Number of protein chains: 2
Amino acid sequence: MTTGQGSAAEMPEGRAQALAAAEARCLRAGAQLTELRRQVLALVLEAEQPLGAYALLDKLKAQRPGAAPPTVYRALDFLLEHGLIHKVERLNAFVGCAEATHDHGRAHDHPHQFLICGDCGATVEISDTAVAHALADAAARVGFRVGNATVEVEGRCAACTAQVPERA
Amino acid sequence: MTTGQGSAAEMPEGRAQALAAAEARCLRAGAQLTELRRQVLALVLEAEQPLGAYALLDKLKAQRPGAAPPTVYRALDFLLEHGLIHKVERLNAFVGCAEATHDHGRAHDHPHQFLICGDCGATVEISDTAVAHALADAAARVGFRVGNATVEVEGRCAACTAQVPERA
DNA sequence: CCAGCCTGTGTTATATAGTAACCGAACCAG
DNA sequence: CTGGTTCGGTTACTATATAACACAGGCTGG
(Lines give C-alpha, C1' and ligand atoms only; values in the text may rest on other atoms or scores of the structure.)
Protein backbone atom coordinates (compact mmCIF):
# COMPACT_ATOMS: atom_id res chain seq x y z
CA MET A 1 0.00 0.00 0.00
CA THR A 2 3.03 2.20 0.18
CA THR A 3 2.10 3.46 -3.23
CA GLY A 4 -0.43 0.80 -4.05
CA GLN A 5 -4.08 1.44 -3.71
CA GLY A 6 -3.51 4.68 -1.89
CA SER A 7 -5.02 8.02 -2.51
CA ALA A 8 -4.58 10.00 -5.66
CA ALA A 9 -2.17 12.32 -3.93
CA GLU A 10 0.54 9.71 -4.21
CA MET A 11 0.76 9.54 -7.98
CA PRO A 12 3.60 11.50 -9.56
CA GLU A 13 1.36 13.77 -11.55
CA GLY A 14 -0.77 14.03 -8.45
CA ARG A 15 1.92 16.08 -6.79
CA ALA A 16 1.90 18.81 -9.41
CA GLN A 17 -1.87 18.71 -9.34
CA ALA A 18 -1.88 18.98 -5.58
CA LEU A 19 0.45 21.96 -5.66
CA ALA A 20 -1.74 23.66 -8.22
CA ALA A 21 -4.82 22.94 -6.15
CA ALA A 22 -3.12 24.32 -3.07
CA GLU A 23 -2.25 27.43 -4.99
CA ALA A 24 -5.84 27.87 -6.08
CA ARG A 25 -7.18 27.23 -2.62
CA CYS A 26 -4.86 29.77 -1.04
CA LEU A 27 -5.75 32.34 -3.64
CA ARG A 28 -9.42 31.94 -2.84
CA ALA A 29 -8.71 32.11 0.88
CA GLY A 30 -6.55 35.18 0.54
CA ALA A 31 -3.62 33.28 1.99
CA GLN A 32 -0.10 33.52 0.69
CA LEU A 33 1.44 30.28 -0.44
CA THR A 34 4.95 31.69 -0.36
CA GLU A 35 8.05 30.07 -1.76
CA LEU A 36 9.00 28.59 1.60
CA ARG A 37 5.56 27.19 2.19
CA ARG A 38 5.40 25.79 -1.30
CA GLN A 39 8.77 24.13 -0.80
CA VAL A 40 7.69 22.51 2.44
CA LEU A 41 4.40 21.41 0.93
CA ALA A 42 6.24 19.92 -2.03
CA LEU A 43 8.53 17.99 0.30
CA VAL A 44 5.58 16.62 2.21
CA LEU A 45 3.82 15.63 -0.99
CA GLU A 46 6.91 14.01 -2.48
CA ALA A 47 7.29 11.68 0.44
CA GLU A 48 5.29 8.52 0.26
CA GLN A 49 5.23 8.32 3.99
CA PRO A 50 4.59 10.72 6.82
CA LEU A 51 7.65 12.84 7.43
CA GLY A 52 8.80 14.32 10.73
CA ALA A 53 9.51 18.01 11.04
CA TYR A 54 13.23 17.42 11.36
CA ALA A 55 13.32 15.10 8.37
CA LEU A 56 11.62 17.86 6.41
CA LEU A 57 14.11 20.32 7.79
CA ASP A 58 17.01 18.22 6.54
CA LYS A 59 15.52 18.05 3.07
CA LEU A 60 14.67 21.70 3.12
CA LYS A 61 18.26 22.62 3.89
CA ALA A 62 19.24 21.48 0.41
CA GLN A 63 17.23 24.36 -1.01
CA ARG A 64 17.51 26.71 1.92
CA PRO A 65 20.75 26.28 3.82
CA GLY A 66 19.83 28.59 6.65
CA ALA A 67 16.69 26.70 7.56
CA ALA A 68 16.15 26.08 11.27
CA PRO A 69 13.34 24.42 13.23
CA PRO A 70 11.11 27.50 13.30
CA THR A 71 11.41 27.76 9.55
CA VAL A 72 9.79 24.38 9.10
CA TYR A 73 7.33 24.63 11.94
CA ARG A 74 5.96 27.94 10.76
CA ALA A 75 5.41 26.59 7.30
CA LEU A 76 3.80 23.46 8.71
CA ASP A 77 1.49 25.56 10.89
CA PHE A 78 0.36 27.47 7.85
CA LEU A 79 -0.23 24.32 5.83
CA LEU A 80 -2.14 22.73 8.70
CA GLU A 81 -4.32 25.79 9.19
CA HIS A 82 -5.24 25.78 5.57
CA GLY A 83 -5.96 22.08 5.47
CA LEU A 84 -3.23 21.31 2.97
CA ILE A 85 -1.55 18.78 5.22
CA HIS A 86 -2.42 16.75 8.29
CA LYS A 87 -0.42 15.77 11.29
CA VAL A 88 -0.27 12.13 12.26
CA GLU A 89 -0.12 12.38 16.02
CA ARG A 90 1.06 8.86 16.62
CA LEU A 91 4.08 9.42 14.44
CA ASN A 92 4.69 13.10 15.12
CA ALA A 93 4.78 13.38 11.37
CA PHE A 94 3.06 15.17 8.54
CA VAL A 95 1.34 14.05 5.35
CA GLY A 96 -0.38 15.78 2.48
CA CYS A 97 -4.13 15.98 2.76
CA ALA A 98 -5.68 13.59 0.30
CA GLU A 99 -8.74 15.80 -0.19
CA ALA A 100 -6.66 18.85 -0.96
CA THR A 101 -5.41 17.24 -4.15
CA HIS A 102 -8.70 17.90 -5.83
CA ASP A 103 -9.85 21.48 -5.73
CA HIS A 104 -13.21 20.34 -4.42
CA GLY A 105 -13.92 23.40 -2.36
CA ARG A 106 -13.69 22.26 1.25
CA ALA A 107 -10.51 20.36 1.99
CA HIS A 108 -10.30 22.03 5.25
CA ASP A 109 -12.03 20.37 8.14
CA HIS A 110 -13.12 17.36 6.17
CA PRO A 111 -13.41 14.25 8.29
CA HIS A 112 -10.34 12.11 7.93
CA GLN A 113 -8.84 9.02 9.46
CA PHE A 114 -5.45 7.38 9.12
CA LEU A 115 -4.70 3.71 8.72
CA ILE A 116 -1.11 3.02 9.69
CA CYS A 117 0.42 -0.32 8.80
CA GLY A 118 2.61 -1.55 11.61
CA ASP A 119 4.58 -3.76 9.22
CA CYS A 120 5.45 -1.54 6.29
CA GLY A 121 4.70 1.84 7.80
CA ALA A 122 2.38 2.82 4.98
CA THR A 123 -0.12 5.39 6.08
CA VAL A 124 -3.30 5.98 4.13
CA GLU A 125 -5.90 8.58 4.68
CA ILE A 126 -9.54 7.69 4.41
CA SER A 127 -12.51 9.96 4.80
CA ASP A 128 -15.30 7.94 6.28
CA THR A 129 -18.38 9.88 7.23
CA ALA A 130 -19.88 6.99 9.19
CA VAL A 131 -16.97 7.17 11.60
CA ALA A 132 -17.34 10.91 11.90
CA HIS A 133 -21.07 10.59 12.55
CA ALA A 134 -20.64 7.84 15.11
CA LEU A 135 -18.12 9.99 16.89
CA ALA A 136 -20.32 13.08 16.81
CA ASP A 137 -23.25 11.03 18.13
CA ALA A 138 -21.24 9.54 20.93
CA ALA A 139 -19.93 12.95 21.91
CA ALA A 140 -23.38 14.54 21.72
CA ARG A 141 -24.64 11.85 24.09
CA VAL A 142 -22.47 13.37 26.82
CA GLY A 143 -23.11 16.94 25.74
CA PHE A 144 -19.79 17.39 24.05
CA ARG A 145 -19.52 19.55 20.95
CA VAL A 146 -17.05 18.14 18.48
CA GLY A 147 -14.33 20.28 17.00
CA ASN A 148 -11.39 18.61 15.39
CA ALA A 149 -11.01 14.83 15.57
CA THR A 150 -7.87 12.73 15.48
CA VAL A 151 -8.55 9.19 14.33
CA GLU A 152 -5.55 6.98 13.75
CA VAL A 153 -5.58 3.21 13.53
CA GLU A 154 -2.54 1.02 13.77
CA GLY A 155 -2.92 -2.36 12.11
CA ARG A 156 -1.90 -4.26 9.01
CA CYS A 157 -2.53 -3.16 5.47
CA ALA A 158 -3.90 -5.42 2.74
CA ALA A 159 -0.53 -5.88 1.06
CA CYS A 160 1.22 -6.95 4.24
CA THR A 161 -1.65 -9.22 5.23
CA ALA A 162 -1.40 -10.91 1.82
CA GLN A 163 2.38 -11.31 1.97
CA VAL A 164 2.58 -12.85 5.39
CA PRO A 165 0.63 -16.10 5.69
CA GLU A 166 0.61 -15.96 9.49
CA ARG A 167 -2.84 -14.93 10.61
CA ALA A 168 -1.63 -14.07 14.13
CA MET B 1 -15.77 18.89 33.85
CA THR B 2 -12.39 19.19 35.47
CA THR B 3 -13.76 17.24 38.35
CA GLY B 4 -17.43 17.53 37.56
CA GLN B 5 -19.32 14.92 35.68
CA GLY B 6 -16.27 12.84 34.89
CA SER B 7 -15.87 9.11 34.79
CA ALA B 8 -15.97 6.90 37.82
CA ALA B 9 -12.20 6.63 37.83
CA GLU B 10 -11.99 10.12 39.23
CA MET B 11 -13.73 9.48 42.50
CA PRO B 12 -11.46 9.24 45.53
CA GLU B 13 -12.44 5.72 46.44
CA GLY B 14 -12.20 4.87 42.78
CA ARG B 15 -8.45 5.21 42.97
CA ALA B 16 -7.99 2.59 45.62
CA GLN B 17 -10.41 0.38 43.74
CA ALA B 18 -8.48 0.93 40.54
CA LEU B 19 -5.22 0.03 42.20
CA ALA B 20 -6.73 -3.13 43.59
CA ALA B 21 -8.16 -4.03 40.22
CA ALA B 22 -4.79 -3.41 38.60
CA GLU B 23 -3.19 -5.67 41.14
CA ALA B 24 -5.69 -8.41 40.39
CA ARG B 25 -5.32 -8.01 36.67
CA CYS B 26 -1.55 -8.23 36.81
CA LEU B 27 -1.71 -11.29 38.99
CA ARG B 28 -3.90 -13.02 36.45
CA ALA B 29 -1.62 -11.94 33.63
CA GLY B 30 1.50 -13.07 35.43
CA ALA B 31 2.83 -9.54 35.31
CA GLN B 32 4.62 -7.87 38.16
CA LEU B 33 3.02 -4.70 39.43
CA THR B 34 6.15 -3.64 41.27
CA GLU B 35 6.43 -0.81 43.75
CA LEU B 36 7.67 1.60 41.11
CA ARG B 37 4.89 0.71 38.71
CA ARG B 38 2.30 0.98 41.41
CA GLN B 39 3.62 4.39 42.40
CA VAL B 40 3.45 5.67 38.85
CA LEU B 41 -0.01 4.21 38.37
CA ALA B 42 -1.14 5.85 41.60
CA LEU B 43 0.18 9.20 40.41
CA VAL B 44 -1.65 8.87 37.13
CA LEU B 45 -4.86 7.91 38.88
CA GLU B 46 -4.61 10.72 41.41
CA ALA B 47 -4.45 13.34 38.71
CA GLU B 48 -7.75 14.57 37.45
CA GLN B 49 -6.21 15.43 34.14
CA PRO B 50 -3.83 13.75 31.76
CA LEU B 51 -0.30 14.12 33.05
CA GLY B 52 2.87 14.36 31.01
CA ALA B 53 5.76 12.02 31.66
CA TYR B 54 7.88 14.78 33.13
CA ALA B 55 5.10 16.00 35.38
CA LEU B 56 4.84 12.44 36.65
CA LEU B 57 8.59 12.35 37.05
CA ASP B 58 8.52 15.45 39.22
CA LYS B 59 5.87 13.95 41.45
CA LEU B 60 7.62 10.64 41.54
CA LYS B 61 10.81 12.26 42.76
CA ALA B 62 9.11 12.99 46.06
CA GLN B 63 8.98 9.27 46.72
CA ARG B 64 11.98 8.24 44.70
CA PRO B 65 14.60 10.94 44.59
CA GLY B 66 16.81 9.23 42.06
CA ALA B 67 14.08 8.95 39.46
CA ALA B 68 15.06 9.86 35.90
CA PRO B 69 13.15 9.87 32.62
CA PRO B 70 13.70 6.17 31.90
CA THR B 71 12.33 5.35 35.32
CA VAL B 72 9.00 6.88 34.41
CA TYR B 73 8.90 5.81 30.80
CA ARG B 74 9.58 2.19 31.62
CA ALA B 75 6.78 2.17 34.14
CA LEU B 76 4.46 3.89 31.68
CA ASP B 77 5.33 1.34 29.00
CA PHE B 78 4.41 -1.45 31.35
CA LEU B 79 1.14 0.18 32.33
CA LEU B 80 0.27 0.86 28.70
CA GLU B 81 1.03 -2.70 27.67
CA HIS B 82 -1.22 -4.01 30.36
CA GLY B 83 -4.04 -1.64 29.55
CA LEU B 84 -3.94 0.10 32.91
CA ILE B 85 -3.41 3.52 31.42
CA HIS B 86 -3.80 5.18 28.04
CA LYS B 87 -1.73 7.76 26.27
CA VAL B 88 -3.46 10.83 24.93
CA GLU B 89 -1.41 11.46 21.82
CA ARG B 90 -2.58 14.98 21.27
CA LEU B 91 -1.38 15.97 24.71
CA ASN B 92 1.61 13.67 25.06
CA ALA B 93 0.07 12.76 28.34
CA PHE B 94 -1.21 9.77 30.23
CA VAL B 95 -4.47 8.93 31.97
CA GLY B 96 -5.80 5.99 33.88
CA CYS B 97 -7.94 3.62 31.85
CA ALA B 98 -11.55 4.05 32.86
CA GLU B 99 -12.34 0.40 32.19
CA ALA B 100 -9.47 -0.86 34.29
CA THR B 101 -11.14 0.50 37.41
CA HIS B 102 -13.58 -2.35 37.40
CA ASP B 103 -12.05 -5.77 37.28
CA HIS B 104 -14.30 -6.68 34.38
CA GLY B 105 -11.95 -9.10 32.71
CA ARG B 106 -10.80 -7.35 29.58
CA ALA B 107 -9.67 -3.81 30.16
CA HIS B 108 -6.95 -4.34 27.76
CA ASP B 109 -7.72 -3.49 24.18
CA HIS B 110 -11.20 -2.24 24.90
CA PRO B 111 -12.33 0.40 22.42
CA HIS B 112 -11.86 3.85 23.82
CA GLN B 113 -12.10 7.43 22.71
CA PHE B 114 -11.14 10.70 24.34
CA LEU B 115 -13.13 13.89 24.42
CA ILE B 116 -10.84 16.80 25.18
CA CYS B 117 -12.35 20.14 26.09
CA GLY B 118 -10.39 22.96 24.52
CA ASP B 119 -11.66 25.41 27.12
CA CYS B 120 -11.13 23.70 30.45
CA GLY B 121 -8.80 20.93 29.38
CA ALA B 122 -10.98 18.23 30.86
CA THR B 123 -10.44 14.91 29.17
CA VAL B 124 -13.00 12.16 29.43
CA GLU B 125 -12.77 8.66 28.16
CA ILE B 126 -15.74 7.06 26.51
CA SER B 127 -16.04 3.56 25.15
CA ASP B 128 -18.35 3.70 22.19
CA THR B 129 -18.65 0.50 20.24
CA ALA B 130 -20.45 2.17 17.33
CA VAL B 131 -17.36 4.25 16.69
CA ALA B 132 -15.15 1.19 16.91
CA HIS B 133 -17.39 -0.71 14.52
CA ALA B 134 -17.59 2.12 12.02
CA LEU B 135 -13.83 2.31 12.08
CA ALA B 136 -13.36 -1.43 11.68
CA ASP B 137 -15.82 -1.42 8.77
CA ALA B 138 -14.12 1.47 7.03
CA ALA B 139 -10.76 -0.20 7.45
CA ALA B 140 -12.05 -3.56 6.25
CA ARG B 141 -13.33 -1.87 3.13
CA VAL B 142 -9.74 -1.24 2.08
CA GLY B 143 -8.46 -4.56 3.37
CA PHE B 144 -6.93 -3.16 6.51
CA ARG B 145 -6.89 -5.19 9.69
CA VAL B 146 -7.40 -3.01 12.73
CA GLY B 147 -5.09 -3.23 15.69
CA ASN B 148 -5.03 -0.41 18.16
CA ALA B 149 -7.03 2.75 17.48
CA THR B 150 -6.37 6.26 18.67
CA VAL B 151 -9.51 8.38 18.69
CA GLU B 152 -9.26 11.81 20.23
CA VAL B 153 -11.71 14.63 19.76
CA GLU B 154 -11.03 18.22 20.62
CA GLY B 155 -14.14 20.27 21.28
CA ARG B 156 -16.12 21.77 24.09
CA CYS B 157 -17.52 19.92 27.05
CA ALA B 158 -21.08 20.29 28.33
CA ALA B 159 -20.05 22.41 31.32
CA CYS B 160 -18.11 24.88 29.21
CA THR B 161 -20.84 25.04 26.60
CA ALA B 162 -23.34 25.87 29.33
CA GLN B 163 -21.15 28.52 30.94
CA VAL B 164 -20.36 30.43 27.81
CA PRO B 165 -23.45 31.78 26.03
CA GLU B 166 -21.58 32.38 22.76
CA ARG B 167 -22.52 29.70 20.30
CA ALA B 168 -19.48 30.33 18.07
C1' DC C 1 26.39 -24.63 45.32
C1' DC C 2 27.15 -21.58 41.56
C1' DA C 3 27.05 -20.29 36.73
C1' DG C 4 24.10 -18.36 33.60
C1' DC C 5 19.99 -16.18 32.44
C1' DC C 6 16.14 -13.08 32.93
C1' DT C 7 13.75 -9.13 34.84
C1' DG C 8 13.70 -4.74 36.97
C1' DT C 9 15.91 -0.62 38.02
C1' DG C 10 19.73 3.00 38.37
C1' DT C 11 22.57 6.08 35.78
C1' DT C 12 24.50 8.85 32.16
C1' DA C 13 24.13 10.72 27.95
C1' DT C 14 21.83 11.85 23.88
C1' DA C 15 18.28 12.02 20.40
C1' DT C 16 13.99 13.99 18.75
C1' DA C 17 10.16 17.35 18.86
C1' DG C 18 8.60 21.88 19.53
C1' DT C 19 8.69 27.05 21.01
C1' DA C 20 10.01 31.79 22.70
C1' DA C 21 11.86 35.98 21.65
C1' DC C 22 14.05 39.18 19.04
C1' DC C 23 15.44 41.05 14.59
C1' DG C 24 15.23 42.88 9.99
C1' DA C 25 13.30 42.97 5.21
C1' DA C 26 9.47 43.67 2.18
C1' DC C 27 5.12 45.40 1.40
C1' DC C 28 1.29 48.33 1.63
C1' DA C 29 -1.62 52.28 3.54
C1' DG C 30 -2.12 56.67 4.99
C1' DC D 1 8.33 58.64 4.67
C1' DT D 2 6.06 56.87 8.76
C1' DG D 3 3.81 53.24 10.74
C1' DG D 4 1.54 48.75 10.65
C1' DT D 5 1.61 43.98 9.09
C1' DT D 6 3.38 39.70 7.33
C1' DC D 7 7.13 36.80 6.52
C1' DG D 8 11.28 34.65 7.51
C1' DG D 9 16.23 34.45 9.77
C1' DT D 10 18.56 33.59 13.98
C1' DT D 11 19.59 32.27 18.67
C1' DA D 12 18.50 30.03 22.48
C1' DC D 13 15.83 27.17 24.95
C1' DT D 14 12.07 23.84 26.70
C1' DA D 15 9.79 19.49 26.38
C1' DT D 16 9.48 14.70 25.07
C1' DA D 17 11.63 10.30 24.55
C1' DT D 18 15.24 6.74 24.08
C1' DA D 19 19.97 4.40 23.87
C1' DA D 20 23.37 2.18 26.21
C1' DC D 21 25.59 0.44 29.95
C1' DA D 22 25.76 -1.12 34.88
C1' DC D 23 24.16 -3.68 38.61
C1' DA D 24 21.25 -6.28 41.91
C1' DG D 25 18.11 -10.01 42.87
C1' DG D 26 15.68 -14.21 41.78
C1' DC D 27 15.45 -18.09 39.22
C1' DT D 28 16.97 -22.66 37.08
C1' DG D 29 19.81 -26.39 35.39
C1' DG D 30 23.90 -28.66 36.07
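Remember, it's a predicted structure, so these values are computed and weren't measured experimentally. Per chain, numbering begins at 1; letters A, B, ... match sequence-line order.
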If you measure from the ring centre of Y54(B) to the centre of the six-membered ring in the base of dT16(D), is it under 5.5 Å, with the planes under 30° apart?
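Yes, the aromatic ring of Y54(B) stacks with the base.
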
Would you check if T150(B) and V151(A) make a side-chain contact, meaning some heavy-atom pair closer than 4.5 Å?
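Result no, sub-4.5 Å side-chain heavy-atom pair not found.
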
From [atom1] of [X] over to [atom2] of [N], roughly how many Å is that when rounded to an integer?
X	N	atom1	atom2	value
L57(A)	dT10(D)	CG	P	13 Å
E35(A)	dT6(D)	CD	C1'	17 Å
R37(A)	dT6(D)	CZ	P	11 Å
D77(B)	dA17(D)	CG	P	10 Å
Y73(A)	dG8(D)	OH	P	17 Å
K87(B)	dT18(D)	NZ	C1'	12 Å
H82(A)	dT6(D)	NE2	P	12 Å
L76(A)	dC7(D)	CG	C1'	15 Å

Would you mind listing every ring pair (Phe, Tyr, Trp, His ring centres under 6.0 Å) that reaches into residues 114-134 of chain A, with sequence neighbours excluded?
H86(A)-F114(A), H112(A)-F114(A)

With sequence neighbours left out, which residue pairs that include part of residues 27-54 of chain A fulfil the ring pair (Phe, Tyr, Trp, His ring centres under 6.0 Å) condition?
none

Those residues that, when tested against D128(B), pass side-chain hydrogen bond (donor to acceptor under 3.5 Å, both in side chains) (two or more places apart):
R141(A)

Quick one: side chain to side chain contact (heavy atoms under 4.5 Å, CB included) partners of [X], sequence neighbours excluded?
X	result
A53(B)	V72(B), Y73(B), L76(B), F94(B)
A68(B)	P70(B), T71(B)
K59(B)	L43(B), L51(B)
E154(B)	N148(A), R90(B)

When you check the phosphate oxygens OP1 and OP2 of dC7(D), does a side-chain N or O of Q32(A) lie under 4.0 Å from one of them?
yes

Is there a side-chain contact between N92(B) and the phosphate of dA15(D), meaning an N or O under 4.0 Å from OP1 or OP2?
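No, because none of the side-chain N or O atoms of N92(B) sits under 4.0 Å from OP1 or OP2 of dA15(D).
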
Members sharing L27(B)'s hydrophobic cluster (side chains within less than 4.5 Å)
none

So where does chain A start and stop touching DNA chain C, 5' to 3', when the test is distance under 4.0 Å to a non-hydrogen atom?
dA17(C) to dA21(C)

How long is the gap from CZ on R145(B) to CG on D119(A), to the nearest 0.5 Å?
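Output value for this atom pair is 9.5 Å.
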
Scan residues 35-44 of chain B for pairs that pass side chain to side chain donor-acceptor pair (under 3.5 Å), counting only residues two or more places apart or in two chains.
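Listed by first then second residue: E23(B)-R38(B), E35(B)-Q39(B), Q39(B)-R64(B).
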
Tabulate atom names and distances for all N/O pairs under 3.5 angstrom spanning the protein and nucleotides 21-24 of chain D.
none

Check DNA chain D against residues 62-71 of chain A and give the residues with a non-hydrogen atom under 4.0 Å, in numerical order.
R64(A), G66(A), A68(A), P70(A), T71(A)

